*Asks:* 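I'd like to ask you about the structure that follows.
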Amino acid sequence: MKEGIRRVAITGFLWTFFQQVGGQVISFVVFVILARLLVPEDFGLVAMANVTVAFLTLFTGAALTSALVQRPEIDAAHLDTMFWTVVGLSILLGAGAWLFATDIARFFNEPGLQPILRWLSLCLPLSALQQVQVSLLRRELNFKSIALRLLISQPIAGVIGISFALLGFGVWSLVARLITSAAIQTLVMWFTVKWRPRRLFSVPHFRELFSFGINVSGANFVAFMSRRLDVFLIGYALGAGPLGIYTIAKRLVVLLVELIGGTIEHVAWPIFSRIQQDQRKVVNAFHKATHYVSLMAFPVFAGIGILAESIVPTVFGDQWGPSAQLMRVLALVGLVQAVLNFHETLMVGMGRPDLKLRLQAMLAVANLIVFFVAIRFGLFAVTVGY
């Protein structure tokens, strides 16, 4: 049993690492090319629309599907119930985003946000259609198929986005890329996973999943407030241009957090769920994983902080020079997040998402206070506050 789990963990890590490196590197290369073709306002507008869609995603019930991975036993009714829950809520929220796009654009004082938000609202139902399939693959520790989902979608979406930019479509190149990526990922999952939903919704089964998933949903909500509130406030108070500069500064840091912490995190969650009854195995696995994450994170983010002034103009172009100072500060954030994210994965894998919820709530309150004070002093102050 021990050797079996170890073999699955190693295989899962390799495929997830391949997914993270391949998918994130492709995505980053496309991002760099688009950064050289577009202006800060384009990235700022899409960041505003993205943060709105991400906020609505918190209420689609997608986090409830984590219970499908964590529960020792599930049956067909669990899958059917969760599928219709997530898809139904996503359609309602997507329709709401479409209808109220004008009001949201007025709130941000950016009229150009309206059509962008309406089109990106399509990502809500598109992404919802794959949630149960992804959870089944994670439950089966089938990381190969999950990796292929991104490795297929990212290059195609990237080519479409770059083509739109070269043809002069501006901000719509970013929109086209995001919608294409969501659509292709869903198609790959439906071709990969043979399971199909029945027209069945079971209230008792929903309650069983809800009791675990609601804590994950709550933790995701407060995590959003602590980690995406910066985007919301910069867009609201400073506008699309400064938000675009901030987005460029944050992109490389987010990439490295995903590559370092995310790779082990995606494998660790189902592994912790599988061995949660054996505390000694969990402790040993946790210590090893934390060791490896820290070993990679410390030198990488230290290097980013030191070399930011050279990295930004070399990679993104001279027009993004103001992003360098912000990137130096955000490197410290990346170091903390790479390690901290893994600790939160342990909590969920052990069936204690309530602990993650408490931790994220404390972070959210702290960030909320700091951001509201820092926003008065400009973009750099918000970055330091973060």
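Because the structure is a prediction, the values reported are computed rather than measured. Nothing fancy with the numbering, it's 1 onward along the sequence.
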*Asks:* Start with the C-alpha distance between Phe55 and Leu58, add both sets of side-chain angles, then the distance that settles side chain to side chain contact (heavy atoms under 4.5 Å, CB included), and finish with yes or no.
*Replies:* CA-CA 6 Å; Phe55 179 73; Leu58 298 173; 4.1 Å; yes
*Asks:* Would you say the ring centers of Phe224 and Phe232 fall short of 6.0 Å from each other?
*Replies:* no
*Asks:* Minimum heavy-atom separation for Ala49 and Ile116, please, with both atom names.
*Replies:* CB-CG2, 3.8 Å
*Asks:* Step by step, would you call Asp42 with Trp172 a side chain to side chain contact (heavy atoms under 4.5 Å, CB included)?
*Replies:* CA-CA 9 Å; Asp42 294 335; Trp172 292 105; over 6 Å; no
*Asks:* Do the rings of His205 and His78 sit parallel, tilted or perpendicular, given the 30° and 60° boundaries?
*Replies:* perpendicular
*Asks:* Just by distance, with hydrogens left out, do Arg36 and Gln319 show a side-chain donor and acceptor under 3.5 Å apart?
*Replies:* no
*Asks:* With a 3.5 Å cut-off and no angle check, do the side chains of Ser27 and Arg251 form a donor-acceptor pair?
*Replies:* yes
*Asks:* What's the verdict on salt bridge (charged side-chain N to carboxylate O under 4.0 Å, His left out) for Asp230 and Lys250, showing C-alpha distance, side-chain angles and the deciding distance?
*Replies:* CA-CA 11 Å; Asp230 53 340; Lys250 198 173 181 180; 2.8 Å; yes
*Asks:* May I have the step-by-step check of side chain to side chain contact (heavy atoms under 4.5 Å, CB included) for Leu178 and Trp119, ending in yes or no?
*Replies:* CA-CA 10 Å; Leu178 292 172; Trp119 279 101; over 6 Å; no
*Asks:* Would a distance-only check, ignoring hydrogens and angles, find a side-chain to backbone donor-acceptor pair under 3.5 Å from Thr314 to Ile311?
*Replies:* no
*Asks:* Would you say Gln185 and Ser181 are linked by a side-chain donor-acceptor pair, where the criterion is simply a distance under 3.5 Å?
*Replies:* yes
*Asks:* Is the Tyr246 to Phe43 ring centre distance short of 6.0 Å?
*Replies:* no
